[in-house]
K.L.:
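First, the structure itself, so that you have it in front of you.
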Amino acid sequence: MRETSPAAIKSEPEEDNGFYPSPQHNKTSKREHDDEDSEYKPKKVKTEQDKKAKKRKYEYEEDEEDIKPKKKTKDKKGTDGKKGKKEEEEKWKWWEEERSTDGSKWRFLEHKGPVFAPPYDPLPDKIKFYYDGKQMKLSAPAEEVATFFSKMLDHEYTTKDIFRKNFFKDWRKEMTSEEKSKITDLNKCNFSDMNEYFKAQSEARKQMSKEEKQKIKEENERILQEYGFCIMDNHKERIGNFRIEPPGLFRGRGDHPKMGMLKRRIRPEDIIINCSKDSKHPKPPQGTKWKEVRHDNKVTWLASWTENIQGSIKYIMLNPSSRIKGEKDWQKYETARRLKKCVDRIRTQYREDWKSKEMRIRQRAVALYFIDKLALRAGNEKEEGETADTVGCCSLRVEHIKLYPKIDDQEYVVEFDFLGKDSIRYYNKIPVEKRVFKNLQLFMENKQPEDDLFDRLNTSILNKHLQELMDGLTAKVFRTYNASITLQQQLKQLTCSDENIPAKILSYNRANRAVAILCNHQRAPPKTFEKSMQNLQTKIDEKQNQLSAARKQLKAAKADHKASHDDKSKKTVEVKRKAVQRIEEQLMKLQVQATDREENKQIALGTSKLNYLDPRISVAWCKKWGIPVEKIYNKTQREKFAWAIDMAEKDYEF
DNA sequence: TATTAGACTTGATACAATCGAA
DNA sequence: TTCGATTGTATCAAGTCTAATA
């Protein structure tokens, strides 16, 4: 788990350096391309790309190849590269087909059900548990839960009061009455023998021979082949999470009141299976039954169960490369593109609404301004005491913002400081328009710090309003829209045509980073960060020394040539000059790398790349500059974005 | 209309696999 | 070939939003 660092991530006002989508910056969007046709219609696709696609419409016929898993591509150094490539080419292009119009998600669904966690394997007798200094043999159920705790001994979790309290309470439920009467104080429990045993086990796993490792790998592959795929409407599709979550201790993030509780083992009796009636139903393990087998094609999941910590439902669903996920993803970006067309209107409107006579409308308008300008999340209400205390826009409280009429040469500054999703801190100090500022003062009047800032607003009211402004518009569309438009703008701004590929990729990363900062996607600085920076610096220093040495040599060679004027010395000068040039380039590359890494210290690029950036923007950029798409997307990402890679041309505009 | 269950996306992180320098 | 660093993948928690229910 990560601690929310006190270090301000977004403390500098100059972070508002132009790429924040403020209303002013986007005044131009109206006159940009008019692509009425490229709009995504939920029922029928009609993008330009698609029209093209339609022309070469691919008539799909069921064929063995198609329901074969993409197995060969999994093999690392292609035992059969050619075949892998061939299969790649033959991959089903679902985006060239019509979508269903009746709200059903599939017509046929067949799968083998989930893979269960292995049963508990009791500890060898020589591994002891001690209570109050005395050795004690635990019953199997109590021992299993004890192992969960013992495995986490090195983790900060086990030092936290709530974690320990919750764990102990749930552990006691698993004990026999005899154990229960004996074990009454967690502080008297000694799990260290168990802890060392598990450490040794994991060490041994690392030390396994190649053959043993290979064997495990093959077994995993076999399970993947058997359970990792389903057949949905004639196509073999990869399942995302076909393994049931094993039992363990709940690791809530932030100050979670339920951390340490026992996540119980899921049995077949807990599982609801979803598949089509006319499919081969998955068989429950010997001697067990499913909770239910249903045939609901209005949903996408293959299996579900209710988890015991929050009582929420968990699902087994398909991989992001699947048709069902891809269509939805595509649709998401098309909705964001529709927002692009009317965002000016919406902005004008909410600015008008800041002046409304009605408090609820003013609150709605200010909240929407934050969602738009700062890419805040909607902020649903949460049940108190059930989860960590985190907020989003609509659930902001008075204590989360501070108002400064004037600070550091800026007027009307709002300082945000709150914990958002996953208890990640959002800190930002930003000047706003006078009207927003005055409204905020008004909203805060006569309120306690723990009162809601927007007391007349919630996500449902906000989204209802947004729905009226544009079909399909919700708060999160703004995040998608602003992320994607920022990427597009930044790429335009940062890419220099005369730069080489690494420099262009740095530009791409910087554009990506601008989005990650906007969306506040943080990461804990890698444990090895300082060290790896140091290593890099050492390399840079060395390179610099090399460079000055090379320059000296060049100078000497020049002097030599000046004196002798012969061919040999001329050649030497050339050689030395080239050497200097090469070293300069290497140095620059290292420096670029250092910059990139430093800038990325606490920024995570992955989330925005995967969830917020219209992949067609990136693909178009690659095509425009002749950059292999592999430099931007790894294999998994290419599978997820296959639709975009196939359809986006270099002139694609978000 | 308000509440809650349900379905699905988004998110950080732990761990495994791979890479590249020594 | 080994080992530490880097990258990729799996995991599962925590959001958003919709639809069902009271």
Side-chain angles (χ1 to χ4, degrees), chain A residues 1-2 4 74 76-77 103 105 152 155 202 205-206 210 213 216-217 220 224 228 240-246 248 250-254 256 258-259 263 272 274 296 298-301 304 306-307 309-320 324-325 328-329 331-332 377-383 386-388 390-395 419-424 458-464 466-467 472-477 479-480 483 516 519-524 526-529 531-533 535-536 539 593 597 602 604-612 633-637 639:
Chain A
M1 199 207 64
R2 38 172 310 153
T4 52
K74 257 239 132 174
K76 299 298 155 318
K77 302 255 152 62
K105 305 290 168 70
M152 291 178 75
H155 206 290
S202 91
R205 228 171 300 132
K206 274 183 214 154
K210 266 216 176 102
K213 282 185 180 165
I216 292 176
K217 213 171 159 185
N220 280 335
L224 174 70
N241 55 327
F242 56 90
R243 286 171 201 276
I244 298 285
E245 296 175 18
F250 177 73
R251 296 152 92 116
R253 303 203 257 254
H256 198 116
K258 297 191 170 185
M259 64 168 77
K263 243 175 71 166
I272 302 174
N274 194 29
D296 182 358
K298 297 279 185 281
V299 296
T300 67
W301 52 268
S304 74
T306 302
E307 150 274 351
I309 304 289
Q310 324 266 1
S312 64
I313 308 168
K314 299 232 171 175
Y315 302 93
I316 287 181
M317 290 181 186
L318 296 195
N319 185 275
I324 217 158
K325 294 289 184 191
K328 202 75 189 295
D329 208 37
Q331 182 180 2
K332 172 180 77 186
R377 296 188 187 84
N380 284 314
E381 286 128 296
K382 304 170 72 182
E383 222 178 317
E386 293 292 299
T387 57
T390 63
V391 298
C393 186
C394 292
S395 50
L419 297 184
K421 182 177 178 180
D422 293 321
S423 293
I424 296 293
N458 61 39
T459 52
S460 153
I461 296 172
L462 178 66
N463 279 337
K464 214 163 276 166
L466 293 176
Q467 186 59 236
L473 186 61
T474 62
K476 84 186 184 84
V477 179
R479 244 168 112 79
T480 312
C519 294
N520 199 38
H521 290 141
Q522 300 186 28
R523 62 167 182 172
K527 287 187 188 74
T528 54
F529 185 84
K531 205 172 149 220
S532 89
M533 266 332 259
N535 289 347
L536 200 52
K539 273 191 197 167
Q593 202 185 344
R597 196 175 299 176
Q602 288 178 284
L605 301 184
T607 301
S608 50
K609 202 176 197 176
L610 235 47
N611 299 301
Y612 289 104
Y633 292 135
N634 66 30
K635 183 166 153 275
T636 317
Q637 294 166 335
E639 277 167 12

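Reminder, nothing fancy here: chain letters follow the sequence lines and each chain counts from 1.
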K.L.:
Between C:dA10 atom P and A:Arg243 atom CZ, what is the distance in whole Å?
P.N.:
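So the two atoms are 10 Å apart, to the nearest Å.
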
K.L.:
Just by distance, no angles: are the side chains of A:Asn520 and A:Gln522 close enough, under 3.5 Å, to form a donor-acceptor pair?
P.N.:
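On atom types as modelled, these side chains qualify, holding a pair under 3.5 Å.
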
K.L.:
Base, sugar-phosphate, or nothing for A:Pro320, non-hydrogen atoms under 4.0 angstrom?
P.N.:
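No contact.
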
K.L.:
My understanding is that only residues two or more places apart in sequence, or in another chain, count here; which of them pass side chain to side chain contact (heavy atoms under 4.5 Å, CB included) with A:Thr387?
P.N.:
A:His256, A:Gln310, A:Lys382

K.L.:
Return yes when atom NZ of A:Lys464 has more than 12 non-hydrogen atoms of other residues, nucleotides or ligands closer than 6.0 Å, and no otherwise.
P.N.:
no

K.L.:
Output the distance between atom CZ (A:Arg253) and atom CE (A:Met259), rounded to the nearest 0.5 Å.
P.N.:
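A:Arg253 atom CZ to A:Met259 atom CE measures 12.0 Å (nearest 0.5 Å).
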
K.L.:
Tell me if a side-chain donor or acceptor on A:Asn458 pairs with a main-chain N or O of A:Ser460 at a distance below 3.5 Å.
P.N.:
yes

K.L.:
Using side chain to side chain contact (heavy atoms under 4.5 Å, CB included) as the criterion, list what pairs up with A:Thr306, not counting sequence neighbours.
P.N.:
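Per chain and number, A:Thr306 pairs via side chain to side chain contact (heavy atoms under 4.5 Å, CB included) with A:Ile313.
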
K.L.:
According to a strict under-4.0 Å criterion, is A:Lys314 in side-chain N/O contact with OP1 or OP2 of C:dT11?
P.N.:
no

K.L.:
In whole Å, I'd like the distance from the CG atom of A:Asn634 to the C1' atom of C:dT9.
P.N.:
9 Å

K.L.:
Would you please name every residue forming a side chain to side chain contact (heavy atoms under 4.5 Å, CB included) with A:Ala378, sequence neighbours left out?
P.N.:
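Applying side chain to side chain contact (heavy atoms under 4.5 Å, CB included) to A:Ala378 gives A:Thr459, A:Ala475.
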
K.L.:
Please report the interatomic distance OG1(A:Thr300) to CD1(A:Ile316), rounded to the nearest 0.5 Å.
P.N.:
12.0 Å

K.L.:
If you only use heavy atoms from C-beta on, which nucleotide in B:dT18, C:dA14, B:dC8 is closest to the side chain of A:His256?
P.N.:
C:dA14

K.L.:
Please report the distance, rounded to the nearest Å, between NZ in A:Lys217 and P in B:dA16.
P.N.:
14 Å

K.L.:
Just checking A:Lys464: base, sugar-phosphate only, or nothing, at a heavy-atom cut-off of under 4.0 Å?
P.N.:
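No contact.
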
K.L.:
May I ask you to test the A:Glu639-A:Lys635 pair for a side-chain heavy-atom distance under 4.5 Å?
P.N.:
yes

K.L.:
When the distance from CG of A:Asn241 to C1' of C:dT11 is rounded to whole Å, what number comes out?
P.N.:
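Interatomic distance, CG of A:Asn241 to C1' of C:dT11: 9 Å.
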
K.L.:
Does OP1 or OP2 of B:dA7 have a side-chain N or O of A:Thr300 closer than 4.0 Å?
P.N.:
no

K.L.:
Measure from the side-chain heavy atoms of A:Thr607 and tell me the nearest of C:dA13, B:dA7, B:dT10.
P.N.:
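Comparing C:dA13, B:dA7, B:dT10 against the side chain of A:Thr607, the answer is B:dT10.
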
K.L.:
Main chain of A:Lys298, side chain of A:Asp296: is a donor-acceptor contact present, judged purely on distance under 3.5 Å?
P.N.:
yes

K.L.:
Nearest to the side chain of A:Ile424 - B:dA12, C:dA13, B:dA16?
P.N.:
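The answer is B:dA12, which lies nearest to the side chain.
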
K.L.:
Can you tell whether the side chains of A:Glu245 and A:Lys263 come within less than 4.0 Å, N to carboxylate O?
P.N.:
yes

K.L.:
Just to confirm, is there a sub-4.0 Å distance from OP1 or OP2 of B:dA17 to any side-chain nitrogen or oxygen of A:Lys213?
P.N.:
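Answer is no, no contact under 4.0 Å.
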
K.L.:
At a cut-off of 3.5 Å, list every protein nitrogen or oxygen paired with a nitrogen or oxygen from nucleotides 20-22 of chain C, distance to 0.1 Å.
P.N.:
none

K.L.:
I'd like a table of atom pairs between the protein and nucleotides 2-6 of chain C - only N or O on both sides, under 3.5 Å - with the distance next to each one.
P.N.:
| unit_1 | atom_1 | unit_2 | atom_2 | d |
| --- | --- | --- | --- | --- |
| C:dA5 | OP1 | A:Lys531 | NZ | 2.6 |
| C:dT6 | OP1 | A:Arg597 | NH1 | 2.9 |
| C:dT6 | OP1 | A:Arg597 | NH2 | 3.1 |

K.L.:
Would you say A:Asp329 and A:Asn611 make side-chain contact, with heavy atoms under 4.5 Å?
P.N.:
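A side-chain contact under 4.5 Å is absent here.
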
K.L.:
Output yes when a side-chain donor or acceptor of A:Asn274 lies under 3.5 Å from a complementary backbone atom of A:Trp301, and no otherwise.
P.N.:
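Present.
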
K.L.:
Atom NZ of A:Lys609 and atom C1' of C:dT7: how far apart are they, to the nearest Å?
P.N.:
11 Å

K.L.:
Side chain of A:Lys328 only, heavy atoms from C-beta on: which candidate in C:dC12, B:dT9, B:dA16 is closest?
P.N.:
B:dT9

K.L.:
Checking all strands, does A:Lys105 fall into the base, sugar-phosphate, or nothing category for heavy-atom contacts under 4.0 angstrom?
P.N.:
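Result for A:Lys105 = sugar-phosphate.
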
K.L.:
What N/O pairs connect the protein and nucleotides 15-17 of chain C at under 3.5 Å? Give each pair on its own line.
P.N.:
| unit_1 | atom_1 | unit_2 | atom_2 | d |
| --- | --- | --- | --- | --- |
| C:dG15 | OP1 | A:Thr390 | OG1 | 3.0 |
| C:dG15 | OP1 | A:Asp422 | N | 3.0 |
| C:dG15 | OP2 | A:Lys382 | NZ | 2.8 |
| C:dT16 | OP1 | A:Ala378 | N | 3.3 |
| C:dT16 | OP1 | A:Gly379 | N | 2.6 |
| C:dT16 | OP2 | A:Asn380 | N | 3.0 |
| C:dT16 | OP2 | A:Asn380 | ND2 | 3.0 |
| C:dC17 | OP1 | A:Thr474 | OG1 | 2.9 |
| C:dC17 | OP1 | A:Ala475 | N | 3.2 |
| C:dC17 | OP1 | A:Lys476 | N | 2.7 |
| C:dC17 | OP2 | A:Asn463 | ND2 | 3.1 |

K.L.:
Can you confirm whether A:Lys421 sits close enough to A:Thr390 that some side-chain heavy atom of one is under 4.5 Å from a side-chain heavy atom of the other?
P.N.:
no

K.L.:
Under 3.5 Å, is there any donor-acceptor pair linking the side chain of A:Arg253 to the base of C:dA14?
P.N.:
no

K.L.:
Rounded to whole Å, please give me the gap between CD1 in A:Ile316 and P in C:dA10.
P.N.:
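Distance, rounded to whole Å: 15 Å.
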
K.L.:
Among the candidates B:dT9, C:dA13, B:dG11, find the nucleotide nearest to the side-chain atoms of A:Tyr612.
P.N.:
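The nucleotide sitting nearest to the side chain is B:dG11.
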
K.L.:
Can you tell me if A:Lys332 touches the phosphate of B:dT10, counting only side-chain N or O atoms and a distance under 4.0 Å to OP1 or OP2?
P.N.:
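Answer yes for this pair, as a side-chain N or O of A:Lys332 is under 4.0 Å from OP1 or OP2.
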
K.L.:
Looking at every strand, decide which applies to A:Gln310 at a 4.0 Å heavy-atom threshold: base, sugar-phosphate, or nothing.
P.N.:
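Sugar-phosphate contact only.
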
K.L.:
Contact class for A:Tyr315 vs. all strands (heavy atom < 4.0 Å): base, sugar-phosphate, or nothing?
P.N.:
base

K.L.:
Using a 4.0 Å heavy-atom cut-off, does A:Ser304 contact any base of the nucleic acid, only the sugar-phosphate backbone, or nothing at all?
P.N.:
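A:Ser304: no heavy atom of the nucleic acid under 4.0 Å.
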
K.L.:
Want to settle it: does A:Asn220 or A:Thr306 sit nearer the 5' end of DNA chain B, counting the closest nucleotide to each?
P.N.:
A:Thr306

K.L.:
Please report, rounded to the nearest Å, how far the P atom of B:dC8 is from the CG atom of A:Asn274.
P.N.:
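So the two atoms are 10 Å apart, to the nearest Å.
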
K.L.:
Just compare B:dT18, B:dT9, B:dA7 and give me whichever is closest to any side-chain atom of A:Lys325.
P.N.:
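Given the options B:dT18, B:dT9, B:dA7, the side chain of A:Lys325 is closest to B:dT9.
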
K.L.:
In terms of the nearest nucleotide of DNA chain C, which residue is placed more toward the 5' end: A:Phe250 or A:Ser460?
P.N.:
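So the residue in question is A:Phe250.
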
K.L.:
Nearest-Å distance, CD1 (A:Ile313) to P (B:dT4)?
P.N.:
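Rounded to the whole Å, the gap is 15 Å.
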
